[in-house]
Each structure stands twice: as structure tokens, then as C-alpha cells.
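Take a look at the structure below.
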There are 2 protein chains.
Amino acid sequence: MGEKQYRIGEFSKLVGLSAYTLRYYEDQGLILSQRDENGVRYYTAEDIRWIGFILHLKGTGMRLNELKRYVQLRAQGDDTIAERRAMLQKVKDDAEADIAELQMHLKVLGRKIDWYDGKTNHTIPDTESFHDYLQKFNK
Amino acid sequence: MGEKQYRIGEFSKLVGLSAYTLRYYEDQGLILSQRDENGVRYYTAEDIRWIGFILHLKGTGMRLNELKRYVQLRAQGDDTIAERRAMLQKVKDDAEADIAELQMHLKVLGRKIDWYDGKTNHTIPDTESFHDYLQKFNK
DNA sequence: AAACACCTTTGAGTGCACTCGAAGGCAAGA
DNA sequence: TCTTGCCTTCGAGTGCACTCAAAGGTGTTT
């Protein structure tokens with residue numbers, strides 16, 4: 001027992017979020033903090049893990065208000081697992097769709113780079129436009 | 001010769017950007033428009049292709065001011081091809097890094113979903129925390 | 001004549017997630 | 001005692017990319 005307690009300054013460095021942001025997240029209902037007898041916030045290893053997890057969720061595009069909802073569900077106990085799972089699944093599906101779209105854009109970008117290289121090398125005729133070049137891949 | 005000319009209203013529907021946005025992009029130096037004798041903007045098939053291309057660039061995370069720079073270089077002719085190529089390469093590298101990060105976050109999210117499923121199925125003991133469950137994958 | 005689609009400049013509003021500062025206060029350590 | 005680090009509320013500012021409206025104009029179509 002006697003887990004290490006971190007005050008906001010130290011914790012902030014640990015998790016890479018400013019003290020401002022930590023208070024802001026608390027206001028927004030993303031995190032809870034415990035308080036000592038003087039009302040000073042303290043955090044534990046458990047909080048580090050939680051921040052880590054919400055950063056994963058944020059990293060996949062979850063918004064703060066969705067995260068807030070998730071936190072509320074979590075506080076209501078195991079009955080809400082199905083809903084939480086569904087939320088995560090949706091975020092995951094959306095992120096995967098974003099990746100697919102990004103990759104589609106990247107493909108064109110890569111082709112443009114190749115086209116520039118072709119111009120530079122003269123392996124693509126000066127007269128061939130990028131548009132014409134691109135068409136070749138669409139069949 | 002005799003290419004179809006589109007006024008902003010029609011063009012806007014064609015490319016999926018509002019007339020407001022098209023004028024805004026023009027202000028920002030992302031697109032040019034030709035004008036008829038009354039000063040009314042018109043666009044051609046070439047402009048459709050250009051908008052398509054900048055949407056690919058935007059889709060990979062390029063900012064409007066970078067895009068503006070790119071357009072300026074393009075206007076300066078073939079001497080700037082190397083710099084333009086480099087810009088695209090950077091955007092591509094950044095986007096690929098973003099995808100890699102996103103996938104890393106998605107992995108954790110997927111594991112959380114699996115963990116929920118395990119709880120629901122009772123294939124994961126009630127006492128096992130997600131943190132403990134996650135650890136198993138880190139070796 | 002009225003409606004419509006366009007033109008201009010200018011400036012305000014939106015959404016999201018911070019980011020910061022002011023003002024005033026408490027408690028522990030040097 | 002002074003400094004440091006924390007606390008509170010409140011409100012303003014930032015960055016990005018739009019998004020829209022006002023106010024006053026031109027030219028074409030019905």
C-alpha cells in the first residue's frame with residue numbers, strides 16, 4: 001500500500017499534459033482527481049494508466065464530449081459495458097475509414113511524386129500531363 | 001477550344017465546395033479563376049482536375065498556406081519541381097507517420113474491445129484489469 | 001419590373017481543444 | 001517572512017478553416 005501520490009505539477013510532466021489541461025479535462029469530466037485534506041489534487045499510478053488510455057482514444061479521433069460520455073458510463077458500472085463497447089467500435093470503425101481515405105489520397109500523392117521523378121529523369125515525356133499519367137492507373 | 005465553362009454556382013456543385021469556399025480559396029491563393037467580360041468567374045474541366053488534386057493534398061493533411069506556397073512554386077515553372085516534390089514528400093511522410101500512430105492507438109482500442117468481449121463471455125476473469133490484460137501483449 | 005446569379009469589401013460567427021492570465025487565497029518549507 | 005506550489009472563478013485569446021451576412025452593385029432572363 002501507500003502508493004505514490006503525485007501533485008499536479010509532477011503528474012503533468014509524467015503524462016505530458018500541462019496542469020492547465022489536466023484541470024480542463026477534469027472540468028470536462030474526463031478525469032477525476034482525489035484531494036488531500038487541503039483540497040490539493042493528487043494522482044496515482046492508476047491515473048497515469050487512465051490518462052494513457054484516454055490519450056489512445058483521443059488519438060483515434062474521439063472527441064472530448066464522447067470521452068465524457070464514456071466516463072459517465074464507466075461510472076455506472078458493468079451494465080454499461082455493451083454501450084461502451086459499441087462506442088469504441090464506432091470510433092475504431094471511423095478511424096479505419098479515415099485511414100482508408102488517407103491512403104487513397106496518399107496514393108495520388110505518391111503518383112504525383114513519381115510523375116515529378118519521371119519528368120526529371122525524362123522517362124515521362126514532357127508533354128504528358130499528370131492527369132493523363134494518372135489515367136493509366138485507372139484501368 | 002470550346003471547352004465548357006462553368007459559373008461558380010454550377011462549379012460549386014460539381015466539385016462539392018460551396019461558392020463561399022471557392023472564393024475563399026481564391027483569396028487564399030489556392031485557385032485562380034478566369035473572368036468573363038463582366039468580371040464573372042468561370043471555370044473549366046482543368047479547374048475541376050486542379051480542385052480534385054488540392055483536395056487530395058488537403059486530405060493528406062496539407063495546410064492552406066502550404067498549398068498556397070505550392071501554387072506559387074507551380075506558377076514559377078519547372079525550375080521549382082524539386083522543391084514541389086520535396087513538399088509532397090514531406091506531406092506524404094507526415095501522413096504515413098500519422099497513420100502509423102493512429103494504428104498504434106487502434107491496436108489498444110481493439111484490445112479494449114476484446115477485453116470487453118472477454119468479460120462478457122467470461123473468458124477473461126472478472127478480476128483481471130484491462131491494464132493486466134494489456135501487459136500480456138507486451139512481451 | 002422583378003427575380004436571379006453573380007460581383008465586391010468587410011467583418012463577425014462557428015467549433016474544437018486548448019492556453020493563459022488576473023485576482024485573491026491557503027499551506028508548507030527555507 | 002518570503003517563496004513556491006497549489007487552489008478557485010472567470011473570461012479572453014489562439015489557430016485553423018471555413019461560413020455567412022450585410023450593403024450596394026451589374027447583367028441576364030422571365
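Note on naming: letters A, B, ... go to the chains in the order of the sequence lines (proteins, then strands), and numbering restarts at 1 for each one.
Applying the ring pair (Phe, Tyr, Trp, His ring centres under 6.0 Å) test to every pair with at least one member in residues 57-88 of chain B, sequence neighbours left out, gives no pairs at all.
In this structure, Asp36(A) atom CG and dC7(D) atom P are separated by 9 Å, rounded to whole Å. One interatomic measurement links the two molecules: CD of Gln28(A) to C1' of dT9(D), which rounds to 15 Å at whole-angstrom precision. Rounded to whole Å, the distance from CD1 on Ile51(A) to P on dC18(C) is 11 Å. Nucleotide dA17(C) holds its C1' atom 10 Å from the CZ atom of Arg63(A), rounded to whole Å. In this structure, Gln5(B) places its CD atom 14 Å from P of dC6(C), rounding to the nearest Å. Note: CD (Gln34(B)) to P (dC6(C)) measures 17 Å, nearest angstrom. The separation between Glu26(A) atom CD and dC6(D) atom P is 14 Å, rounded to whole Å. Atoms CG (Leu67(B)) and P (dA17(D)) sit 9 Å apart, rounded to a whole Å.
Qualifying side chain to side chain donor-acceptor pair (under 3.5 Å) partners for Asn65(A), counting only residues two or more places apart in sequence or in other chains: none.
In summary, Asp94(A) and Lys90(A) engage in a salt bridge, as defined by a charged side-chain N under 4.0 Å from a carboxylate O.
In terms of phosphate contacts, Arg23(A) brings no side-chain nitrogen or oxygen within less than 4.0 Å of OP1 or OP2 of dC6(D). Lys68(A) has no side-chain polar atom (N or O) that falls below the 4.0 Å cut-off from OP1 or OP2 of dA17(C). Using a 4.0 Å cut-off, no side-chain N or O of Arg41(B) falls inside it from OP1 or OP2 of dC6(C). Between Arg35(A) and the phosphate of dT8(D), there is a side-chain N or O to OP1/OP2 separation shorter than 4.0 Å.
Along DNA chain D, the nucleotide nearest to Asp27(A) and the one nearest to Val40(A) differ in position, and the one closer to the 5' end is contacted by Val40(A).
The aromatic rings of Tyr43(A) and Phe11(A) sit parallel, their planes meeting at an angle under 30°, below the 60° perpendicular limit.
The side chain of Tyr25(B) lies closest to dC18(D) when the candidates are dA17(C), dC18(D), dA17(D).
Using a 4.0 Å heavy-atom cutoff across all strands shown, Tyr42(A) reaches no nucleic acid atom at all. Among the protein residues, Phe11(B) comes within range of no part of the nucleic acid, since none of its heavy atoms lies under 4.0 Å from any strand.
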Checklist outcome for this item: Contact string for nucleotides 19-30 of chain D, one letter per nucleotide 5' to 3', B = base within protein heavy-atom range under 4.0 Å, S = sugar-phosphate only, - = neither, reads SB------SS--

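Both the sub-6.0 Å distance and the 45° axial angle are not jointly satisfied by Arg111(B) relative to the ring of Tyr133(B). Remark: Arg74(B) is positioned above the aromatic ring of Trp50(B), its terminal NZ or CZ atom under 6.0 angstrom from the ring centre and at most 45 degrees off the axis.
Although no hydrogens or angles enter the test, the distance criterion places a donor-acceptor pair under 3.5 Å between the side chain of Lys119(A) and the main chain of Glu128(A).
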